[in-house]
Every structure is written in C-alpha cells, then in structure tokens.
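Heads up: the structure comes next, in structure tokens.
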Amino acid sequence: MVLSGNDKTNVKGIFAKIGGHADDYGAETLERMFVTYPQTKTYFPHFDMAKGSAQIKAHGKKVAAALVEAVNHIDDIAGALSKLSDLHAQKLRVDPVNFKLLGQCFLVVVATHNPAALTPEVHASLDKFLCAVGSVLTAKYR
Amino acid sequence: MVHWSAEEKQLIASVWGKVSVEECGAEALARLLIVYPWTQRFFSNFGNLSSPTAIVGNPKVRAHGKKVLTSFGEAVKNLDNIKGTFSKLSELHCEKLHVDPENFRLLGDILIIVLASHFGREFTPACQFAWQKLVGVVAHALARKYH
C-alpha cells in the first residue's frame, strides 16, 4: 500500500489544520483508545488512567510528535521512524493489532474536531497514512 | 447474550435518536467504498464508482446505505437479542451475498467516524465505547450463521 501524491497532499493538509493542537489530539486519542479498547491499557500498567492524567498528556504529546515527524518526512516514513521502529520491535513489542485501534481513535478525534475537513478523500488518505505508520513500526518485529 | 449497562443503552439511544438514517447511511456506505476501495467488489452493478465524487453522488449507493443503516436500527431496537434479529440476514450474507465478515467490521468502524463527525464533542469517549461495542456485536451476529 503506497501513498499517492494526492494522499500526501491530503495528509499534510489535515495536519496543517490540526496545527498546534497536535499534542491535545494525541492525548485525546490515547484517552479514547483506553476507554474504547480497554485491553490497550495492558501496555501501560504504570499509568494513571484518570481523565486529564499528566502521563496520558505527556505520552499523547510523544505520539503526536511521531505522527508529525512522519508527515514531515512523508516520502520516507520508514527512515523518519526507524529508531521508533527499533524500539517497538525490541522493547515495547506492542501487538500489531493495536496500531489499527490507535488509528481508529485518531480518526475519531479528527472527525469530532474537524468534520468539514475530514472529507471522504482526506479520510481515505489519513487512514492509509496511519496504516503506513503502523506498518513501519511493526516492520522489524520478525 | 450481550450485557448492556444502563449507561450504554442510554448513550446508544440518545445518539440514534438524532441520526438521520438516510444521510448517515449514505455517507457510511460511500466512505466504506472510498476508504476501502476493494469493498466495491460487491457492487459491480451500482454503476459509476470511478471516483469519490461519483460514489458520493451515486443514487444506488445512497439508497443502499439507507437500507443498511435502517437494518442496523433493528439492532438498536433489539439490543437484548441482536443475534436473533440478524440470524436470517447472516445466512443471506453467507449463502447469497458471499460477503467476508471482515467487511462488517470495516463498515462498523466507518460508521463510528461518521457519527463522530456529526456529533463532535457530544460523541464522548464513553459514547464511542458503547457504539464500538454495538458495531462489534452486530458484526459478530452477522457472521454467526456463516458456514
């Protein structure tokens, strides 16, 4: 699955709209993921899961930064996220199924805040982008 | 039998009460065909599906989307017997329509995005939980009679 020129334009466009809210989107994505898919909490047994938790905010910021980094290097996501890919393969070992769950929640956050911007075409491109990120992060698992 | 808390039932009913089945159904099906284009394989007789614009404007897509979401409404009305409600439809999707059950999950996820875009902040995490649970139960019920 390859990102077309249109896909890249659409993804860059939606992230430009998200702008400085990326950190908040990251935190909200995690919050929704932990509530909607409770099994994802198993990777964060040490986290305070209360609403507004500082740990969720901080981690959401990290996740958002990684997505922004991928967008800024959209022609070479594998290169941009290579270290993160190593980390997930060697240390974190988050089961691949969970990246889809995170992606779904990120899409929901974008949809709730920017319904007009998430046209079907942008939705398709963003979904593809999130799949690509997930693929890169699990690429070295075995 | 699936257990629904009072809160989950309330969240499901309150969202459903404000849903335009025709609009959301059409939008959900169109987005399914656009975001996951391989799903178009089931609709070769729908005419022009050559672009997102064509898909969104396609009257057969709109009509079928409405039909699908209307049927989904039966689950909302029969939360305590979703399995029974979709038993015949499950057989139909297996024996006549030959639809891979994975497609029910894909459509469910798309429906969540459509609801999120319509309801914004009102589509809280708790709301998303209840609805993801519902679409999952519906998908499971539709796959149940496969053989």
Side-chain angles (χ1 to χ4, degrees), chain A residues 1-4 6-7 10-11 14 17 21 24-25 27-41 49-53 56 60 97 99-132, chain B residues 5 7-8 11-12 15 23-24 26-40 49-58 61-62 65 102 105-136 139:
Chain A
M1 176 208 45
V2 168
L3 296 176
S4 70
N6 261 359
D7 288 328
N10 287 339
V11 172
I14 193 82
K17 286 227 160 57
H21 296 285
D24 292 334
Y25 279 38
E28 197 184 329
T29 295
L30 289 179
E31 186 201 344
R32 283 184 179 272
M33 189 183 72
F34 293 142
V35 168
T36 307
Y37 309 109
Q39 68 273 22
T40 56
K41 292 188 290 186
M49 291 294 179
K51 196 165 159 57
S53 137
I56 294 185
V97 72
F99 295 97
K100 192 175 193 295
L101 305 182
L102 181 77
Q104 170 74 355
C105 290
F106 185 76
L107 283 167
V108 167
V109 172
V110 173
T112 56
H113 293 279
N114 302 276
L118 196 70
T119 61
E121 295 92 326
V122 171
H123 178 172
S125 298
L126 191 52
D127 192 80
K128 276 175 82 173
F129 167 75
L130 293 166
C131 283
Chain B
S5 72
E7 193 202 1
E8 286 164 2
L11 288 168
I12 288 168
V15 164
E23 281 311 311
C24 283
E27 196 182 337
L29 186 62
R31 281 183 186 254
L32 179 75
L33 299 175
I34 292 165
V35 178
Y36 308 115
W38 55 92
T39 57
Q40 293 171 25
L49 299 178
S50 60
S51 71
T53 311
I55 291 170
V56 167
N58 185 310
V61 171
R62 290 192 68 84
E102 178 59 22
R105 282 158 220 126
L106 291 179
L107 182 62
D109 278 353
I110 292 276
L111 179 60
I112 298 292
I113 306 286
V114 170
L115 294 176
S117 70
H118 281 248
F119 289 92
R121 271 198 162 70
E122 203 183 324
F123 198 67
T124 60
C127 209
Q128 184 183 349
F129 175 84
W131 274 86
Q132 293 277 182
K133 181 174 167 180
L134 177 59
V135 302

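Throughout, a chain's letter reflects where its sequence line sits, starting with A, and its residues are numbered from 1.
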Taking every non-hydrogen pair under 4.5 Å, which of B/Val114, B/Ile113, B/Thr53 racks up the most with chain A?
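Heavy-atom pairs under 4.5 Å are most numerous for B/Ile113.
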
Leading residue by heavy atom contact count with chain A [cutoff under 4.5 Å; candidates B/Lys133, B/Arg121, B/Glu122]:
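Most pairs with chain A among the choices: B/Arg121.
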
So which part of [X] gets closer than 4.5 Å to some heavy atom of chain A, the side chain, the backbone, both or neither?
| X | answer |
| --- | --- |
| B/Val56 | side chain |
| B/Gln128 | both |
| B/Ala130 | neither |
| B/Phe119 | neither |
| B/Thr124 | backbone |

Whether B/Glu23 and B/Arg62 form a salt bridge (side-chain N of Lys/Arg under 4.0 Å from carboxylate O of Asp/Glu) is what I want to check.
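Salt bridge: yes.
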
Side-chain contact, heavy-atom cut-off 4.5 Å: B/Val61 with B/Leu49?
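In short, these two side chains touch, coming nearer than 4.5 Å.
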
Of all the heavy-atom pairs spanning A/Thr36 and B/Phe129, show the shortest one and how long it is.
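Between these two residues, the closest heavy atoms are O-CD1, 3.5 Å.
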
Work out which heavy atom in A/Leu130 is nearest to a heavy atom in A/Gly103; give both atom names and the distance.
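In terms of heavy atoms, the two residues are closest at CD1-O, 3.6 Å.
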
Chain B: which of A/Thr112, A/Val110, A/Leu107 shares the most heavy-atom pairs with it under 4.5 Å?
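Most pairs with chain B among the choices: A/Thr112.
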
Working to the nearest 0.5 Å, report the span between CZ of A/Phe99 and OG1 of A/Thr40.
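Nearest 0.5 Å value for the CZ-OG1 distance: 12.0 Å.
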
Option passing side-chain hydrogen bond (donor to acceptor under 3.5 Å, both in side chains) with A/His113 (candidates A/Glu28, A/His21, A/Lys17)
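When side-chain hydrogen bond (donor to acceptor under 3.5 Å, both in side chains) is applied between A/His113 and each of A/Glu28, A/His21, A/Lys17, only A/Glu28 qualifies.
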
Is it the side chain or the backbone of A/Ser125 that comes within 4.5 Å of chain B heavy atoms, both, or neither?
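Looking at A/Ser125, nothing touches chain B.
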
Relative to chain B, which segment of A/His123 carries a heavy atom at a distance below 4.5 Å: side chain, backbone, both, or neither?
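Contact with chain B is through both the backbone and side chain of A/His123.
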
Does a sphere of radius 6.0 Å around CD in B/Glu7 hold more than 12 heavy atoms from other residues, nucleotides or ligands, not counting ones at 6.0 Å or beyond?
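It does not: B/Glu7 CD has 12 such atoms or fewer within range.
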
